[in-house]
Amino acid sequence: MLTIPKKLLLGSATAATQIEGGDLNSNWYHWSLAGKIANNESSIVAADHYNRYPEDIQIMSELNQEIYRMSIEWSRIEPVKGVWSQEGIDHYKDEMAMLLKNGIQPLVTLHHFSCPEWLQKEGAWVNSDTVERFLIFTGKVVLELGNMVSEYCTINEPNVFAMDTYMDAKYPPGHKDDIKSYFKASKNLIVAHLRAYKLIHNIRAEHKFSGITKVGIAHHLAHFEVDSKNPLTHLSKKLMDYSFHDLFTKGMIEGKLSMPLGVGYPEGKGRFCDFIGVNYYSRHIIRSTMNPSMLFGEVTVDESVPDSRKNDLGWEIYPKGLSIILKKLYKDYPLPIYITENGIPDVNDTKRAQFIYEHLKELVTLIEEGIDIRRYYHWSLLDNLEWNDGYGPRFGLVEVNYNTLKRTIRQSGKFYGELIKHRHISKEMKQTYNIKDVSYE
Ligand code: GAL
């Protein structure tokens, strides 16, 4: 049996580019046109959420969701530099109003891996002017959404974004092993967050918008281990932890730039997060390599992990890692924690309910130990475009048939919906959904 404490609110997360479709002005549409997405797939239809959001909110409601994390597509608000689209603004206002009417509290992400194509052409995040452009966009969104949204997540996973864009060539403009740009963009993303944090607070206070303003990040934290006693491997793990985790944690929470990003506190000393959002997926084994990106080590999966403990993309299912990283994080920064993403690609839906159960169990234990965890946003509500991997990986509590765009709630979705309703997993539910208490190391 598992009881969910009242303070832990439950819901799901999505990102605009991955579900909306229909946007011709984003850099991901142009990336699709260049054939950079698996099987030549495109962001142009996705799950057609842009047109079907009333139906999707109805589904969220059926699944008893209390909270919903979504992103605003910058290119829909500012399709041309300096030109606002009233249609885009009205669309999101309407979506927010509908969420609120259904008792679902939104958490809005302002940058989730995508930007307008005009900004991409100007160099996007390697250009320091982008910080200012992001602040202008942020100010506009916060003003327009006014009383409807009090919680914002500035930037999603700056570490994954910089890595996949400048080291692994997966996201536009697709650079390979471009360490210089990795650090340049990382610095700009951190500074953008620090300044957006202040800006959002200032605008909401000045206009006396209702609700307690909460601004944070969604930081991707993975659990790293090494596979041998080789000192080089340990060095790689240290470098990886530093350049993929710590630079961003310190930067975005404390406002501190560390080398090679810079030194000191560009926006002063302070706390730049009202909550820390954590996106957690897996454990990775770090090996050292001699390639140009050796700085980051090679990320692998432990070969002894059985298939039953892997998801469709081969990532290990390792709930204990979530506890390990949260304990450390909370010790360093005792701030409220939101799990802004946690999920599994599982086309046959045989592992997702169990995955949710195991991760929630870890969270409940941590809450009992005094760690202030307040939100769990399951990734994802719907099947969606998994960036350069296309539509193959199926992360949804709800299945999307990409031919008909019909939605079907998966068994795991029903399980999650019942769990939210009762805030409890009974013996009967465990039987119905085939949930087991397994021990894993
Ligand atoms: C995260 C990302 C999401 C989603 C998820 C699943 O890194 O923020 O957009 O793609 O991974 O892989």
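Keep in mind that this is a model prediction, so the values were computed, not measured. Just follow the structure's listing: the first ligand is 1, and inside any ligand the first atom is 1.
Residue H112 places at least one N or O, backbone or side chain, under 3.5 Å from an N or O of ligand 1. Between W387 and ligand 1, at least one N/O pair is under 3.5 Å apart.
No side-chain donor from either of E117 and S75 sits under 3.5 Å from a side-chain acceptor of the other.
Taking the six-membered ring where the residue is Trp, the centroids of W31 and Y171 are separated by 6.0 Å or more. For H193 and F272, the ring centers sit 6.0 Å or farther from each other. The aromatic ring centroids of W125 and Y166 lie 6.0 Å or more from each other.
Between atom 7 (O) of ligand 1 and the options Q18, H220, E157, the minimum heavy-atom separation is to E157.
Closest protein heavy atom to atom 5 (C) of ligand 1: Y281 OH, 3.2 Å. Atom 1 (C) of ligand 1 has as its closest protein heavy atom E341 OE1, 3.1 Å. With hydrogens left out, the protein atom closest to atom 10 (O) of ligand 1 is E386 OE1, 2.7 Å, a heavy atom.
The environment of NZ in K7 is crowded: more than 12 heavy-atom neighbours from other residues, nucleotides or ligands sit within 6.0 Å.
Using a 4.0 Å cut-off to heavy atoms of N156, the atoms of ligand 1 that qualify are 8 (O).
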request  = Begin from the C-alpha positions of K414 and E62 and carry the test salt bridge (Lys or Arg N to Asp or Glu O under 4.0 Å) through to its verdict.
outcome  = CA-CA 9 Å; K414 292 184 184 156; E62 259 171 60; over 6 Å; no

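Residue F161 does not touch ligand 1, judged by heavy-atom distances below 4.0 Å.
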